[in-house]
There are 4 protein chains.
Amino acid sequence: MPRSTKAAEPMLVPESVSRQPQQGRSKASLGRMLAAAEKLMLERGNEEFTLQEVSKGGKVSIGSIYLRFESKDNLVRAVIANELERIAADEATMMAEVVAASADLAAFMPRYVESYAEVLRQHAPLLRLSMQRASFDPLVSEPGKQRAFRSEEAAVAAMLGYRAEFCGNRHEQKAKAAFHIIFATLARQLSLGSTGESASLRDWAELKAELGRMCLTYLKQAE
Amino acid sequence: MPRSTKAAEPMLVPESVSRQPQQGRSKASLGRMLAAAEKLMLERGNEEFTLQEVSKGGKVSIGSIYLRFESKDNLVRAVIANELERIAADEATMMAEVVAASADLAAFMPRYVESYAEVLRQHAPLLRLSMQRASFDPLVSEPGKQRAFRSEEAAVAAMLGYRAEFCGNRHEQKAKAAFHIIFATLARQLSLGSTGESASLRDWAELKAELGRMCLTYLKQAE
Amino acid sequence: MPRSTKAAEPMLVPESVSRQPQQGRSKASLGRMLAAAEKLMLERGNEEFTLQEVSKGGKVSIGSIYLRFESKDNLVRAVIANELERIAADEATMMAEVVAASADLAAFMPRYVESYAEVLRQHAPLLRLSMQRASFDPLVSEPGKQRAFRSEEAAVAAMLGYRAEFCGNRHEQKAKAAFHIIFATLARQLSLGSTGESASLRDWAELKAELGRMCLTYLKQAE
Amino acid sequence: MPRSTKAAEPMLVPESVSRQPQQGRSKASLGRMLAAAEKLMLERGNEEFTLQEVSKGGKVSIGSIYLRFESKDNLVRAVIANELERIAADEATMMAEVVAASADLAAFMPRYVESYAEVLRQHAPLLRLSMQRASFDPLVSEPGKQRAFRSEEAAVAAMLGYRAEFCGNRHEQKAKAAFHIIFATLARQLSLGSTGESASLRDWAELKAELGRMCLTYLKQAE
DNA sequence: TATGAATGAGTATTCATTCAT
DNA sequence: GATGAATGAATACTCATTCAT
């Protein structure tokens with residue numbers, strides 16, 4: 001793809017890039033082509049595979065792929081969209097569990113950092129591909145932004161559940177800042193944004209601990 | 001490049017990817033080809049240009065390019081290496097100025113965050129390319145890590161200059177954590193890691209302020 | 001079709017390319033597919049359409065098309081054959097009227113040229129497609145020749161009805177020549193043979209008049 | 001080609017579709033690719049060949065073809081343009097000879113018909129391809145029209161050289177009509193416009209004779 | 001040194017035809 | 001009879017790299 005995309009519906013749910021609701025045999029073959037494509041994307045990179053390979057690996061004909069997807073680009077987007085849906089679900093579950101288990105902010109913050117890190121870590125490989133692609137494909141970046149915004153809302157809401165413990169009065173603002181800083185730090189450590197210069201701190205576990213501590217101190221003690 | 005790299009010398013100084021110390025006319029034409037390549041990379045992306053275009057834009061023959069660089073990949077790496085050197089220089093200057101102007105940690109932290117953000121912002125476009133490429137090219141990611149490590153050392157040293165004000169006794173560890181968190185947050189906000197999901201906080205200026213405040217509180221008050 | 005044709009029955013009546021005498025619903029759907037194909041052929045060219053499109057436009061399944069026609073080629077031939085039948089009918093009617101209305105050769109010739117031109121003009125679009133296809137498909141060119149031969153016979157017979165006025169004694173030969181020249185000139189002017197270089201005479205009406213005059217003079221006065 | 005063409009310079013001289021004036025080895029390889037393409041076009045039809053085949057047959061690399069021609073379409077156009085130039089030259093020579101050898105119109109007309117028929121016959125195969133292509137490619141049809149117009153001018157001028165013998169006073173008009181009728185008849189007989197329904201007159205030699213006679217009678221005796 | 005013409009492997013996409021239902 | 005999902009062969013074009021001059 002020469003780094004440009006057509007008109008474009010802004011949503012990246014699997015339905016917007018795939019073609020028809022499938023069932024039975026069709027659904028199975030759709031699954032096989034998505035799985036084959038995902039495998040290749042993870043091994044080689046977002047676009048570094050051929051449809052020939054997907055056809056072979058997924059035991060589907062080339063024509064079948066074009067029956068479901070308008071283009072190779074849309075196949076790539078579908079793989080990403082699928083993963084983003086799984087992540088959103090995991091994130092929601094995680095957040096509910098963390099809130100339920102945390103009596104106060106001091107319990108919440110480290111647990112949240114740790115759990116969020118784990119969710120991201122589990123999905124890191126495809127998340128990385130998703131973010132790489134988002135850097136030039138609006139059909140991926142737009143819905144990605146939506147999703148990030150909903151993550152922020154959920155996290156901010158959870159923190160504000162402990163607002164009685166907050167210091168100062170810019171509660172929401174501070175919660176937002178905390179979320180951004182947490183996400184940025186975790187993403188970087190998991191090399192989501194890129195691989196390059198991350199992971200130089202000997203102890204990643206340690207950074208997570210400091211991150212929780214920092215946010216806790218910030219929310220409770222910064223004016 | 002199909003995501004693989006040959007032998008691979010681990011350094012990415014301009015000399016390791018370029019061929020020989022140039023002089024006079026040769027040096028000028030080397031400059032023109034680097035400038036032409038950089039322009040194209042910024043306009044289109046890391047590899048989305050042809051050597052034909054570099055040849056035209058830089059008024060150098062294709063043969064000349066291969067006289068200086070073993071491959072197109074090495075040309076790309078040289079452009080990146082050049083920029084990384086400029087960044088390192090700017091960063092060192094910036095750090096010296098910030099330290100000189102800051103009497104205590106409360107003065108240092110916000111000024112450092114602000115100034116570092118500015119340095120990164122100025123170099124963001126090529127830095128973005130550099131990080132994209134680092135995600136699959138060890139010849140870019142390895143030296144990138146080195147450079148990041150030196151940035152960390154400098155920042156940690158600067159913060160430790162104010163260690164008397166630190167709370168607790170894990171001084172170095174906390175300084176390292178602060179640096180990581182600052183860098184990750186700034187990088188993300190500048191879309192260095194990718195573009196996708198960044199920049200959802202209304203006020204980027206505000207995030208920088210919070211970031212400084214958070215680190216300050218953390219260093220001075222977290223046990 | 002890569003310019004080759006199988007076995008090949010030499011007739012191109014609709015029955016030879018279609019499969020069975022249809023009736024009721026089937027006949028209606030046959031009509032719809034022929035109409036849809038004709039529409040597409042006129043819009044885009046002889047083969048520049050897909051069966052998918054015929055299926056959609058004619059509200060018939062792809063399978064249905066293959067139930068009636070052995071191949072896409074035969075569908076195209078059927079569209080052409082249908083049109084050729086319509087033309088033959090129009091031509092016969094036209095000829096009868098012209099003869100009935102013409103007392104002598106001086107009345108007949110211009111009227112015939114004019115009327116024949118009108119018949120060809122009305123059918124020009126499909127006639128053009130027919131002739132394009134005939135250039136490489138014997139299944140179209142062979143029956144086309146038959147039809148042209150019958151046109152010639154009818155025209156020659158009509159002219160010979162006025163043989164008393166002919167000069168010289170190679171009556172039939174001259175009538176044939178006149179027919180050929182008339183047909184060739186009209187066909188060219190209507191861009192039947194191709195589009196290219198036709199229609200450069202300012203006044204097409206004028207050319208028809210000259211054509212009639214020329215043939216009249218030729219038949220009555222050439223030795 | 002999906003039957004549409006870009007902006008388009010209206011001329012179809014070899015220079016407008018080819019890329020650079022060649023010399024030496026380059027010129028030879030350009031010649032080989034044109035010859036190979038022409039051979040394939042004559043065997044199969046205008047576009048019914050692959051560049052792979054041209055590469056093999058002409059002993060040139062695919063890349064070389066694209067070095068000379070922007071597209072396969074332009075290669076086809078170049079083959080046609082070359083032939084059109086040769087035809088124009090032959091036609092001019094022929095016309096000069098015919099005029100030089102003809103004392104009066106009675107000598108000129110049959111000789112002209114005969115000679116023009118011969119020129120067209122010699123070039124018939126490629127001329128046929130040219131006209132087929134012209135039916136949908138303006139880059140071929142436009143210059144084709146120009147060329148036809150110049151043919152008309154030359155023929156009309158030649159006939160008017162004998163205007164003293166003309167009857168009536170619409171001299172130019174009649175000469176034009178005669179040319180059109182001659183060209184149309186010859187073209188049709190040579191199956192230039194298509195193949196289909198031509199050549200049904202037993203004796204093609206005879207038709208040419210009648211054609212000459214008809215035009216002669218027309219010019220000298222039609223009022 | 002310097003040039004830039006020549007090379008040719010590699011790949012997304014279309015669409016006539018088949019055949020299980 | 002009717003359907004339309006599945007098949008997969010076939011092909012124009014790009015561009016990094018080489019090497020004769």
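These numbers come from the heavy atoms of this one structure, side chains and all, not from hydrogens, waters or symmetry mates. Treat the numbers as computed from the prediction; the structure is a model and nothing was measured. Chain letters run A, B, ... following the sequence lines, proteins first and then strands; every chain starts at 1.
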Inset, instruction - Return the residues of residues 50-61 of chain A meeting this criterion: a heavy atom under 4.0 Å from some atom of DNA chain F. Order them by number, or give none. - result: Ser61(A)
Inset, instruction - Measure from the side chain of Tyr66(C), starting at C-beta and using heavy atoms only, and say which of dA16(E), dT3(E), dA6(E) lies closest. - result: dA16(E)
Inset, instruction - For the residue pair Val54(A) and Met41(A), establish whether any side-chain heavy-atom pair is separated by less than 4.5 Å. - result: no
Inset, instruction - Show your working on side-chain contact (heavy atoms from CB on, under 4.5 Å) between Ile65(C) and Lys72(C) and close with a plain yes or no. - result: CA-CA 8 Å; Ile65(C) 301 175; Lys72(C) 184 188 178 185; over 6 Å; no
Legend entry - Between dA10(F) (P) and Arg44(D) (CZ): distance, integer Å: 13 Å
Inset, instruction - Would you sort out whether Lys39(C) and Val79(C) count as a side-chain contact (heavy atoms from CB on, under 4.5 Å), showing the intermediate values? - result: CA-CA 10 Å; Lys39(C) 185 160 177 286; Val79(C) 170; over 6 Å; no
Inset, instruction - Would you sort out whether Ile80(B) and Glu83(B) count as a side-chain contact (heavy atoms from CB on, under 4.5 Å), showing the intermediate values? - result: CA-CA 5 Å; Ile80(B) 291 175; Glu83(B) 178 75 355; 5.8 Å; no
Inset, instruction - Would you mind pulling out the nucleotide paired to dT18(E), Watson-Crick or G-U wobble, both distances under 3.5 Å? - result: dA5(F)
Inset, instruction - For dA5(E), take OP1 and OP2 only and decide whether either is under 4.0 Å from a side-chain N or O of Arg68(D). - result: no
Legend entry - Nearest to side-chain heavy atoms of Leu67(C), which nucleotide of dG1(F), dA5(E), dC13(F): dG1(F)
Legend entry - Spacing between Glu48(B) atom CD and dT14(F) atom P, to the nearest angstrom: 15 Å
Legend entry - Any donor-acceptor pair under 3.5 Å from Arg32(B) side chain to Val60(B) backbone: no
Inset, instruction - Would you kindly compare Gly63(A) and Ile62(D) by the position of their nearest DNA chain E nucleotide and give the one closer to the 5′ end? - result: Ile62(D)
Legend entry - Identity of whatever pairs with dC13(F) - Watson-Crick or G-U, under 3.5 angstrom: dG10(E)
Inset, instruction - I would like to know whether Glu43(B) and Glu48(B) meet side-chain contact (heavy atoms from CB on, under 4.5 Å); could you show each step before the answer? - result: CA-CA 9 Å; Glu43(B) 284 168 11; Glu48(B) 315 302 317; over 6 Å; no
Inset, instruction - May I have the distance from Ile65(D) (atom CD1) to dC15(F) (atom P), rounded to whole angstrom? - result: 17 Å
